[in-house]
Amino acid sequence: MSFMQIKDLNVHYPIRGGFFNTITDKVYAVDGVTMEFEKGKTYGLVGESGSGKSTTGKAIIGLEKVTSGQIIYEGDNVTNQRRKRNSAYNRDIQMIFQDSHSSMNPRKRVLDILAEPIRNFMKLSDQEERKRIKELLAIVGMSEDVLLKYPHEFSGGQKQRLGIARAVACNPKMIIADEPVSALDLSVQAQVLNFMKDIQSEFGLSYLFISHDLGVVKHMCDHISIMYKGRFVETGTRNDIYVNPQHIYTNRLLSAIPNIEPETRMERKIQRQDVEVKYHEEQHKYYDEHGKVYPLKSISETHRVAMSEIEQEGL
Amino acid sequence: MWKTILRRVLMMIPQMFVLSLFIFILAKQMPGDPFTGLITPETDPSRIEELRIQAGFYDPWYVQYYHWITNALQGDFGQSYTYKIAVSTLIGERGLNTFWLSLLSAILVYLIAIPLGMLAGRYQESFLDKSIILYSFISYAIPTFVLSLIFLFIFGYRLMWFPTSGTVDVGLEPGTTAYYWNKIYHLLLPAITYAILGTTSIIQYLRSEIIDSKTQDYVKTARSKGIPMRKVYTRHIFRNSLLPIAAFLGFTITGLLGGAIFIETIFGFPGMGNLFVSSVMSRDYSVITALVMLFGFLTLLGSLLSDIIMSIVDPRIRID
Amino acid sequence: MNTAKDLLTIRNLTTSFRIKDEYHAAVEEVSLSLRKNEVLAIVGESGCGKSTLATTIVGLHNEINTKVTGEILYNNQNLTQLSEEQFNRLRGNDIGFIFQDPLSALNPLMRIGEQIAEGLLYHTKLTKQQREERVLELLNQVGISNPNRVARQFPHQLSGGMRQRVMIAIALSGKPSIIIADEPTTALDVTIQAQILDLLKSLQSETEAGIILITHDLGVVAEVADRVAVMYAGQVIEEAPVQELFRNAKHPYTRSLLNSIPQTHDENDKLEVIHGMVPSLMNLPREGCRFSARIPWINESLHEKKPQLHEIAPGHFVRCTCWKHFHFEGEEGGGTV
């Protein structure tokens with residue numbers, strides 16, 4: 001049973017122009033996104049730059065104003081509400097960012113960075129607070145002597161782990177992770193990904209994992225949605241997407257991932273070029289006259305693909 | 001582009017209106033009035049009262065404001081109480097003096113600051129750079145009046161290279177070449193003083209801009225094309241670093257009419273700065289309000305000009 | 001290692017930076033060679049010295065704080081000894097350079113055509129009109145379908161992929177025999193990355209240039225490289241033909257790196273994590289095997305005192321002997337997997 005539903009989420013930005021600077025058009029950054037989140041699962045949101053994947057994440061947590069649509073959390077509509085600082089939603093949904101460095105106040109010590117959410121959401125005595133912070137450090141595998149250090153004294157991977165520690169401080173239900181490992185080196189990325197999986201199984205967390213890296217998403221996510229120009233192109237389980245991709249855009253994306261098998265690279269190149277040709281030839285089947293993606297249609301219990309009515313009948 | 005310019009100009013109307021209200025009320029709040037200065041032991045107090053009533057000083061402020069603004073809209077800013085001539089004539093005369101002084105100063109500022117800033121930026125950390133920085137700090141630290149007085153004393157009174165006050169010698173026929181040379185001659189010392197003091201920000205800004213540009217990737221690209229360093233500087237670094245300086249240009253142009261209070265006062269130069277101080281001293285409301293309105297308008301115009309200049313020199317900025 | 005076919009030969013190259021009056025080597029004793037018509041990939045994580053190596057080859061390092069020793073041989077001249085003027089004759093002509101972020105690598109205030117023609121101005125005697133024609137030709141060559149229009153545009157008006165194509169056109173403008181590409185696709189989306197890599201590859205077979213590809217992305221390496229050199233802490237620790245490297249990597253670092261790619265794993269598996277952290281430039285151990293601190297369970301005595309590159313198969317070099325004793329958890333026996 002899902003604990004949170006996103007219904008027809010829209011985030012539009014006005015484009016102003018004309019003599020009186022009136023709204024002449026809109027950017028459809030997020031254009032009718034519907035999702036459901038279950039406990040302990042990881043949801044991947046994949047797309048190229050400008051697809052609206054980050055905006056979706058920010059709109060869910062409340063960093064972007066939602067134009068229309070609903071965010072239902074445990075039966076309550078929490079969309080655009082002026083929430084109290086310590087509301088349950090704010091506590092239960094946390095976010096980590098790609099650039100963990102700039103998301104931490106450089107003039108605060110680790111102690112205060114980790115204590116901030118605790119002071120916000122939990123009424124703990126000083127001793128209990130201290131204890132909780134030590135627990136958090138133990139979770140992310142750091143010793144207590146980092147408490148008095150400043151963010152710049154840490155490496156990229158350590159900072160990302162501190163960012164995660166801050167996010168899990170108040171036992172959240174879900175963490176929105178916006179490109180959490182994109183800025184990290186391969187070996188450090190592995191550390192952080194392993195660690196995210198560990199705390200997930202330990203605390204039953206859900207993740208909304210936003211990334212452009214299809215390899216990382218495949219490794220992390222149970223359920224994946226591919227986004228293009230603010231809309232979902234295809235959504236399904238990991239197998240649905242990677243084994244049985246339906247939409248031409250998904251195919252194109254998958255064929256572009258570099259593979260670490262140099263032996264087969266010629267075949268892949270040919271295949272990639274075939275997909276590219278098909279992509280250009282069959283665009284009209286997958287995009288409407290405005291270049292937008294069609295609404296999603298179910299093709300199996302878990303797998304939904306954007307396609308026109310005619311295409312669906314053809315199936 | 002014309003649309004934007006028109007819109008910006010239209011937007012100045014409410015801004016100017018709010019400014020005029022503010023300045024009118026503030027001016028009226030100043031203690032005393034133009035007639036206070038006329039009071040001597042012999043003055044008949046009832047005569048002063050009469051003048052005040054005549055000038056409408058006892059009307060409510062909005063009535064006074066209404067009179068003033070309706071006249072101002074027709075281009076009539078009233079009479080100066082002290083000079084007994086129309087404010088617009090007075091400002092026109094002073095404004096012209098100030099304009100030439102500021103123009104010469106501005107040219108000198110750019111002539112001094114741009115090469116110095118470029119040299120300092122290019123030869124960063126060298127002896128030359130350090131000397132230029134030292135110069136710019138000294139000129140920044142010296143109060144205007146101190147340097148003005150020193151220059152006036154040395155070059156004006158001691159060496160007698162330059163005249164010490166006024167805009168032109170008496171007795172010269174207006175319109176002759178000698179007359180114009182004499183005018184420029186009078187402008188030189190105040191303009192040089194002004195320029196020396198005004199270079200700091202441009203030198204520092206240009207220097208740090210160049211140092212910043214040097215590390216940009218496009219400079220690496222230029223070098224990777226095998227372009228000699230000298231050309232990399234002229235074609236890429238200097239060109240790009242001058243951009244923000246160009247943005248100031250709009251303000252500089254409109255600032256030409258603002259005048260320099262200290263310099264004009266010390267060099268006895270009858271310009272706008274001088275006029276502003278003396279009209280505040282003598283509570284010459286009509287002049288004060290007109291001047292502040294003018295300065296306000298020039299500032300708004302300056303920001304518009306800067307935006308237009310930016311849109312011309314920087315292809316990334318477009319106004320439509 | 002050194003044959004007549006070599007286009008560029010690097011011998012014992014060391015590049016050191018001055019930090020607080022002391023020189024620290026960011027690239028140490030690197031010897032590599034680049035052949036005609038091949039892609040040599042230099043792989044490593046941030047701080048391993050791969051970018052420093054690239055800038056040293058083209059002489060774009062900061063001359064005040066950098067010390068370079070060793071040889072870079074090209075056309076019978078040692079590049080490390082060239083004057084700035086001599087170097088300028090090579091750069092943009094014999095050697096082209098492609099940067100990571102095409103937006104910042106292009107001058108925002110200059111039209112694309114002008115930026116491409118700039119190199120021609122200094123290296124050729126072409127007239128203005130001939131230069132313009134050549135610009136259009138180059139834009140065509142990198143797959144830009146409307147060169148006339150693009151030549152008049154400014155960088156911000158182009159998409160990321162288009163900008164990188166323009167960068168490639170700049171690199172190609174002098175018909176170089178060597179192209180150095182520093183993370184050319186890192187700033188791009190995957191579909192664009194695939195296009196750019198395909199373009200590089202096809203341009204290479206057209207021009208027969210040698211490409212040095214600097215990257216952190218093993219996927220990119222697998223797609224385009226012919227030979228691979230893996231760098232760790234300033235040294236080349238393994239060098240091999242590409243298939244050999246992905247099938248038969250030997251050095252513990254290379255193997256760990258390959259094993260930390262999510263793709264290589266079943267989704268429920270743990271990714272390989274390398275113990276410890278990359279040492280910073282100032283704290284680099286200058287003696288013994290530099291990777292020893294990351295594999296502390298391997299006895300000190302199993303490392304070489306002065307680790308050398310050993311040729312263990314034709315064209316396959318591995319530094320130190322510790323690899324023979326390295327194995328992953330659950331793996332049988334020594335490193336002879």
Side-chain angles (χ1 to χ4, degrees), chain A residues 42 46-51 154-158 181-198 201 211-222 238-239 242 249 252-266 268-270 272-273 275-276 279, chain C residues 41 43-48 159-160 185-195 197-198 201-202 215-226 228 241-247 253 256-278 280 294:
Chain A
T42 303
V46 188
E48 297 188 283
S49 46
S51 60
F154 296 91
S155 71
Q158 287 175 321
V181 293
S182 304
L184 304 176
D185 270 324
L186 197 53
S187 61
V188 184
Q189 166 182 308
Q191 263 176 33
V192 172
L193 292 180
N194 281 348
F195 169 68
M196 283 180 76
K197 280 201 159 185
D198 286 347
S201 52
S211 178
H212 70 280
D213 187 329
L214 287 138
V216 173
V217 167
K218 186 182 179 192
H219 181 76
M220 292 296 289
C221 302
D222 309 295
R238 176 166 44 210
N239 264 344
Y242 284 87
Y249 184 76
R252 185 169 177 242
L253 221 49
L254 289 174
S255 72
I257 314 175
N259 202 313
I260 51 162
E261 283 167 19
E263 292 88 350
T264 57
R265 67 189 184 198
M266 275 325 284
R268 279 203 311 278
K269 185 175 172 181
I270 292 162
R272 194 158 62 226
Q273 279 159 349
V275 172
E276 201 68 16
Y279 182 75
Chain C
V43 204
E45 298 183 287
S46 42
C48 71
S159 68
T185 57
T186 308
L188 306 173
D189 277 327
V190 276
T191 49
I192 312 292
Q193 163 170 296
Q195 289 169 12
L197 292 178
D198 287 347
K201 203 70 183 154
S202 71
T215 183
H216 71 280
D217 190 333
L218 287 159
V220 169
V221 173
E223 289 293 337
V224 293
D226 299 312
V228 189
V242 66
Q243 299 199 359
E244 171 85 3
L245 189 95
F246 281 92
R247 210 183 319 126
Y253 178 63
S256 309
L257 217 49
L258 284 168
N259 237 336
S260 60
I261 304 176
Q263 272 185 31
T264 49
H265 287 256
D266 187 68
E267 285 73 31
N268 302 316
D269 273 1
K270 278 288 181 85
L271 300 171
E272 177 65 28
V273 168
I274 306 176
H275 177 88
M277 280 193 324
V278 178
S280 72
R294 313 285 302 267

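Each chain gets a letter, A, B and so on, in the order its sequence line appears, and its residues count up from 1.
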Cationic N near anionic O, under 4.0 Å, A:R268 to C:D198: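 Between C:D198 and A:R268 there is no salt bridge, as every charged N stays at least 4.0 Å from the carboxylate O atoms.
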With C:E45 via side chain to side chain donor-acceptor pair (under 3.5 Å) - residues at least two apart: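 Listed in chain order: A:S187, C:Y253.
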Set of residues satisfying side chain to side chain donor-acceptor pair (under 3.5 Å) with respect to C:T215, sequence neighbours excluded: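 By the side chain to side chain donor-acceptor pair (under 3.5 Å) rule, C:T215 matches no residue at all.
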Chain C contact via [X] - which portion, at a heavy-atom distance below 4.5 Å:
{"X": "A:D213", "result": "neither"}
{"X": "A:R272", "result": "side chain"}
{"X": "A:S155", "result": "side chain"}

Chain A contact via C:V221 - which portion, at a heavy-atom distance below 4.5 Å: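 For C:V221, the contact with chain A is made by the backbone alone.
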Per-residue contact mode, C:Q193 against chain A (heavy atom under 4.5 angstrom):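 C:Q193 touches chain A through side-chain heavy atoms alone.
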Spacing of C:R247 atom CZ and A:E263 atom CD [to the nearest 0.5 Å]: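 That separation rounds to 5.0 Å.
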Gap separating the CG atom of C:L271 from the CE atom of A:M220, nearest 0.5 angstrom: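 Rounded to the nearest 0.5 Å, the CG-CE separation comes to 8.5 Å.
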Side-chain donor/acceptor of A:R265 to backbone N/O of C:A225, under 3.5 Å: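 A pair under 3.5 Å: yes.
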Option that, when pairs with chain A are counted at under 4.5 Å, heavy atom only, ranks first among C:V278, C:L188, C:L257: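 Option with the top pair count is C:L257.
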Selection from C:D217, C:I274, C:V224, C:L245 maximising heavy-atom pairs under 4.5 Å formed with chain A: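 With the most close heavy-atom pairs to chain A, the winner is C:V224.
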Return the minimal non-hydrogen interatomic distance between [X] and [Y], and the atom names on each side.
{"X": "C:P262", "Y": "A:L193", "result": "CG-CD1, 4.3 Å"}
{"X": "A:L186", "Y": "C:S260", "result": "CG-OG, 3.6 Å"}
{"X": "C:V273", "Y": "A:Q191", "result": "CG1-CG, 3.2 Å"}
{"X": "A:E261", "Y": "C:A222", "result": "N-CB, 4.1 Å"}

Partner of C:E223 by side chain to side chain contact (heavy atoms under 4.5 Å, CB included), out of A:N259, A:I257, A:I260: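 By the side chain to side chain contact (heavy atoms under 4.5 Å, CB included) criterion, C:E223 pairs with just one of A:N259, A:I257, A:I260: A:N259.
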